[in-house]
Amino acid sequence: AFVILSIFAFLGEAVLGGIGISMPAFRIAGGILLFLTALDMLFERRTKRREDQAEEAEEDYPDPSIFPLAIPLLSGPGAITSVILLAGQDTGIQTTLSVLAVAALVLAIVFTLFLTASALERLLGRTGITVITRLLGLLLAALAVQFILGGLQNFGFRGDPTGRRTHRKICLTSAVLGRGDVRADED
């Protein structure tokens, strides 16, 4: 999983540029993809779908031990999108290495959680897992919206990334002087 994420961290932007996709467009598309995943987490559609797939897998294949975890689960579309977008925020190698360091840390945490999954499931219970899933879904939704807003700003749409309103002063000097035009100046 780390090798796949590393390849996309270093080459993802070049691949996108090669097929004519700009980073702002990819940022918006990736944000929408992550937002849809977050909605699934918030409304438990993802959990129900996984339970249904697990039941079907048990019926079709008696030995569930062979399942590719790296590509569909750990380094799937959401993770690849996040790595490309985060690594593409700056052109320096330090940003890419920082993103990969965080990805390695996340993969180490996921590995630890895989090892302790049974104990954590017993400890948290169904309600605890639902609460944590929804909380993480909300955080993922906020990250997705931030990706979308960043992409829109890169396309030239202006907005205040802090969420505070900008105050405008109306300059009436031209109107007072008889020109009749009013302009707005930002602080």
Side-chain angles (χ1 to χ4, degrees), residues 1-13 26-90 93-151 161-163:
F2 183 75
V3 171
I4 293 166
L5 292 177
S6 297
I7 290 169
F8 278 101
F10 285 108
L11 302 176
E13 195 169 349
F26 190 73
R27 191 176 308 266
I28 293 169
I32 291 169
L33 174 70
L34 290 176
F35 191 77
L36 292 174
T37 301
L39 286 178
D40 283 348
M41 291 172 70
L42 285 169
F43 297 110
E44 289 193 30
R45 287 181 276 179
R46 190 177 188 110
T47 305
K48 290 177 186 172
R49 188 174 38 219
R50 283 189 178 162
E51 288 174 356
D52 292 343
Q53 289 174 349
E55 289 174 7
E56 289 175 12
E58 287 177 3
E59 293 172 5
D60 294 342
Y61 305 103
D63 184 14
S65 62
I66 300 176
F67 183 80
L69 293 175
I71 292 178
L73 185 63
L74 298 178
S75 59
I80 291 170
T81 300
S82 297
V83 165
I84 292 173
L85 292 176
L86 292 171
Q89 287 182 349
D90 191 11
I93 190 77
Q94 287 180 320
T95 301
T96 304
L97 292 177
S98 297
V99 168
L100 289 176
V102 170
L105 177 65
V106 168
L107 290 173
I109 292 170
V110 168
F111 179 71
T112 304
L113 291 174
F114 279 164
L115 293 176
T116 60
S118 297
L120 280 174
E121 185 178 20
R122 284 191 301 272
L123 178 71
L124 294 173
R126 185 121 177 106
T127 304
I129 291 172
T130 301
V131 168
I132 290 174
T133 300
R134 288 186 177 177
L135 178 65
L136 293 176
L138 181 63
L139 293 174
L140 185 61
L143 178 66
V145 169
Q146 191 62 48
F147 281 159
I148 293 169
L149 291 175
T162 62

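Heads up: numbering here begins at 1 and tracks the sequence.
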**Item:** Listed partners of Phe35 passing side chain to side chain contact (heavy atoms under 4.5 Å, CB included), at least two apart
**Value:** Leu39, Ala141, Ala144, Val145
**Message:** In the structure I gave you, are the side-chain heavy atoms of Leu113 and Ile109 within less than 4.5 Å of one another anywhere?
**Reply:** yes
**Request:** Tell me, yes or no, whether the heavy-atom count around Phe26 atom CZ, taken from other residues, nucleotides or ligands under 6.0 Å, exceeds 12.
**Result:** yes
**Item:** From CD1 (Ile7) to CD1 (Ile84), nearest 0.5 Å
**Value:** 11.5 Å
**Asked** Are more than 12 heavy atoms from other residues, nucleotides or ligands located less than 6.0 Å from atom CD of Gln89?
**Response** yes
**Asked** Would you say the side chain of Leu136 lies within less than 4.5 Å of the side chain of Met41, judging by non-hydrogen atoms?
**Response** yes
**Complete:** In terms of heavy-atom contacts, Ala9 and Leu100 come closest through CB-CD2, 3.8 Å
**Prompt:** Rounded to the nearest 0.5 Å, how far does CG of Leu124 lie from OG1 of Thr130?
**Reply:** 10.0 Å
**Request:** State, with a plain yes or no, whether a side-chain heavy atom of Leu86 is found less than 4.5 Å away from one of Phe147.
**Result:** yes
**Complete:** d(Leu115 CG, Leu120 CG) to nearest 0.5 Å is 10.5 Å
**Asked** Closest approach of Ser75 and Ile80, non-hydrogen atoms and distance?
**Response** O-CD1, 3.4 Å
**Prompt:** Quick one: CG on Leu123 to CD1 on Ile129, what's the gap to the nearest 0.5 Å?
**Reply:** 9.5 Å
**Request:** Supply the atom-to-atom distance Leu143 CG to Leu85 CG, rounded to the nearest 0.5 angstrom.
**Result:** 9.0 Å
**Item:** Inter- and intrachain pairs under side chain to side chain donor-acceptor pair (under 3.5 Å), touching residues 93-118, at least two apart
**Value:** Asp90-Thr95
**Message:** Does any part of the side chain of Phe10, heavy atoms only, come nearer than 4.5 Å to the side chain of Leu5, both counted from C-beta?
**Reply:** no
